[in-house]
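Down below is the structure, laid out as structure tokens.
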Amino acid sequence: MKFRIAYKKELNPSQFQAVNITKGPLLVIAGAGSGKTRTLTYRVARLVEEGISPSAILLLTFTRKASQEMLKRASRILDNRCEGVAGGTFHSFAYSMLRKYASRIGFNHGFSIIDRSDSENLISMLRKEMKGVSKSGSLPRKQTLGNIFSRAVNKNLSIEDIILDDYPHFSRHLESIHAISDAYRKQKAEHNYFDYDDLLIYLEVLLKDHPDVREKICSTYHYLMVDEYQDTNKIQAEIVCLLAGNNNVMVVGDDSQSIYAFRGANFENIIRFPEKFPGTRIIRLEENYRSVQPILKLTNVIIDRARQKYSKTLFTRKSGGSLPLLVNAGSENRQSQFVVERIQALNRNGVPLNQIAVLFRASFHSFDLEIELNREGIPFVKVGGFKFIESAHIKDILAHVRLLLNPYDKLSWYRILLLLDNIGPKTALDIFESISSEQSGYSGLFKKKLKSKQSKSLDRLKNLFSSIDPSEMSVVRLGEAVVKYYTPILINKYDDHPKRAKDLEHLMTIMERYDNLERFLADMTLEPPNTSSHDGFLADKPDDDRLILSTIHSAKGLEWHTVFIIWALDGRFPSTHAVHDEKALEEELRLIYVAATRAKERLFFTYPGTVYDRISGMVLNRPSRFLDDIPDDILEKCSAMTF
DNA sequence: ACAAATACTATTTTT
DNA sequence: TAGTATTTGT
């Protein structure tokens, strides 16, 4: 067969093999910077060139952006048939399958997806009820409870196991926690709520218990490709098994880059893949095309300390380059200043801002730097951490919008009613009960008798709901009506309302892109914009030359000319929480490995000399233990003063 | 009885 | 800083 693309010429031998083997199970161990994306992209093109229908190919990735990017690139090297390939995250794929087959799993009236904070709010309500019952000491907070429940699902363990393993100090509350978990499950079923984990659970149920559905889905998607396989959990691995009916399944991953164990990911999925699929062919991509020699030398030393790994050694042909540098800055602010100065110097020497990234372990690590960047007028985007979509004012608007789709949405009513004067938790729930029992849509709001003060606050809300009609107005018009109603509340509630009003404007520009309310809401929970709130309204301009600030988790798969890793301070990275747990410590090690392997030409680690840690009462003054004893000819050390 | 204001405390990463 | 527990106010 003659192909338009010269695969053999454009790929190295291992990559070519991975593209060339299109049938049967295939495991690709792809080291950092080894052209993993390139390989997947060419493989998509190859399948399409072989005459396979694009809609028969399913590409599961970690973010929607990643799959879009790959399909776009595949289209560029072949043609736009590649855009027809089905791609997305496990969660978005689960969503579309479950929508299609909702009635098969007993959800005849559909369901709505709740995000993490919705789920926590629901848990919080149940926790309050439970507080009266349990006697001794305080229950875990809602966030912790959410973590416990989610981890149990994603690791396929019981609540007992999770508490004994990870939260032994809460074991005396085991019964109460169990009760809350049961109540949570019940509430979700009653209100047709699916949390993130439910999407995976119900997809597994659908595939497992309904052979005809599974048959149908498998006969649609003949070719399955899964990216970032090291970060899948047990359910996802099971789903891959169920989907790979005809064994044409390729998974790509790197156990050294597994950084999502905290949410149940297990890189042993990679190791077990050949057991699950007998006859699996294994290909290793070991040539690094990204980093210069000195950087690769350091990252190889870092990952060498990992206990458990698929062994591989990356090599590069990129010669030259300077040694990575570990800088003692003296203080947090001096660290920020140092980074700013280096960025300005690089920029003067012709490195564009968008080729420079500052990476950190936790979102708040960049606060001081952000102030310094603003002072110097250096434009930046921040990725990861607290998201635009998670800020209270955006969630307020979305709650109103959600009610237009489902007037019996308990969480949304609760949220928007609490915004009103003289209405607290009790009244809000009473009103919801009334609406729910009336069964007459949101006009049920008019039925409930209230004190005059309270009904006065409700009047404007009633007005809003009687003036809008989701069947007649476009998505963005609905949004505008809600914003108009909400603005006085916003001004009253927040001192910084001008900034937040801008966010609402940005939300309107996002809504403009949708003509379907349901799709809009699903996207907002499944694939929300990943940038942080205050720069959200600028984030859509892709060519903007701006510095990147990012959590390491959100930097996965990306690369820059120069990378700064700040707060490389023992006690922060690894954090004091992780140091007593070997598994957690290993994950921190992989995390610093992922961060360092993002760099192409220049790599800086910085730490503030001495920091007092209020929580542990310790003085932190050592560089990260992962870097501390690396020889000077691999990692150069200096202080900001002597640079 | 319930809402609103105030005090206290523990602090990561994300679909 | 935000979530929760506690106190004060209507």
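In the text below, chain A, chain B and the rest are named by the order of the sequence lines, each starting its count at 1. The structure displayed is predicted, hence computed values, not measured ones.
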Contacts of A:Asp197 that satisfy salt bridge (Lys or Arg N to Asp or Glu O under 4.0 Å) - sequence neighbours left out: none

In whole Å, I'd like the distance from the NZ atom of A:Lys395 to the P atom of C:dA2. 14 Å

Can you check nucleotides 11-15 of chain B for protein contacts, nitrogen or oxygen pairs under 3.5 Å, and list what you find?
unit_1, atom_1, unit_2, atom_2, d
B:dT11, O4, A:Arg614, NH2, 2.4
B:dT12, O2, A:Arg361, NE, 3.4
B:dT12, O2, A:Arg361, NH1, 2.7
B:dT12, O2, A:Arg361, NH2, 2.4
B:dT12, N3, A:Arg361, NH2, 3.3
B:dT13, OP1, A:Ser363, N, 3.0
B:dT13, O2, A:Arg361, NH1, 3.2
B:dT13, O2, A:Arg361, NH2, 2.9
B:dT14, OP1, A:Gly385, N, 3.2
B:dT14, OP1, A:Thr551, OG1, 3.2
B:dT14, OP1, A:Ser554, OG, 3.2
B:dT15, OP2, A:Lys387, NZ, 2.5
B:dT15, O4', A:Arg263, NH1, 3.4
B:dT15, O2, A:His91, NE2, 3.3

Whole angstroms only, please: what is the CG-P distance between A:Leu429 and B:dA1? 17 Å

A:Arg402 meets the side chain to side chain donor-acceptor pair (under 3.5 Å) criterion, sequence neighbours left out, with A:Asp118, A:Asp409, A:Ser412

Under 4.0 Å protein heavy-atom contacts per nucleotide of nucleotides 5-10 of chain C, with B for base, S for backbone only and - for none: S----S

Show me, range against range, the stems involving DNA chain B, built from at least 3 consecutive Watson-Crick or G-U pairs below 3.5 Å. B:1-10 with C:1-10

Residues passing the salt bridge (Lys or Arg N to Asp or Glu O under 4.0 Å) test with A:Asp166, sequence neighbours excluded, are A:Arg151

Distances under 3.5 Å between nitrogen or oxygen atoms of protein and nucleotides 4-8 of chain B:
unit_1, atom_1, unit_2, atom_2, d
B:dA4, OP1, A:Asn422, N, 2.6

Check the orientation of A:Tyr202 and A:Phe194. Use parallel for under 30°, tilted for 30 to 60°, and perpendicular for over 60°. parallel

Can you measure A:Leu417 atom CG to B:dA3 atom C1' for me and round it to whole angstrom units? 14 Å

Using the ring of each side chain (for Trp, its six-membered ring), is A:Tyr167 parallel, tilted or perpendicular to A:His169, with breaks at 30° and 60°? tilted

Does the pair A:Lys583/A:Glu586 count as a salt bridge with the N-to-O cut at 4.0 Å? no

Taking side chain to side chain donor-acceptor pair (under 3.5 Å) as the definition, give me every residue that meets it alongside A:Ser336, ordered by chain and number, with sequence neighbours left out. A:Asp368

Please output the side-chain donor-acceptor pairs of residues 569-578 of chain A that fall under 3.5 Å, not counting sequence neighbours, one pair per line with the distance.
unit_1, atom_1, unit_2, atom_2, d
A:Asp570, OD1, A:Arg625, N, 2.7
A:Asp570, OD1, A:Arg625, NE, 3.1
A:Asp570, OD2, A:Arg625, NE, 3.3
A:Asp570, OD2, A:Arg625, NH2, 2.8
A:Arg572, NH2, A:Asp613, OD1, 2.6
A:Ser575, OG, A:His577, N, 3.1

Residues forming a salt bridge (Lys or Arg N to Asp or Glu O under 4.0 Å) with A:Asp496, sequence neighbours excluded: A:Arg500

Measure OH/A:Tyr167 against P/B:dA10 and give the value in whole Å, please. 16 Å

Short N-O contact, A:Glu588 and A:Arg361, less than 4.0 angstrom: yes

Results of salt bridge (Lys or Arg N to Asp or Glu O under 4.0 Å) for A:Lys36 - residues two or more places apart only: A:Asp227, A:Glu228

Any carboxylate oxygen within less than 4.0 angstrom of a Lys/Arg side-chain nitrogen, looking at A:Asp195 and A:Arg116? no

Give every donor-acceptor pair under 3.5 Å between a side-chain atom in residues 60-71 of chain A and any protein atom, sequence neighbours left out.
unit_1, atom_1, unit_2, atom_2, d
A:Thr61, OG1, A:Thr63, O, 2.8
A:Thr63, OG1, A:Ala66, N, 3.1
A:Ser67, OG, A:Arg64, O, 3.1

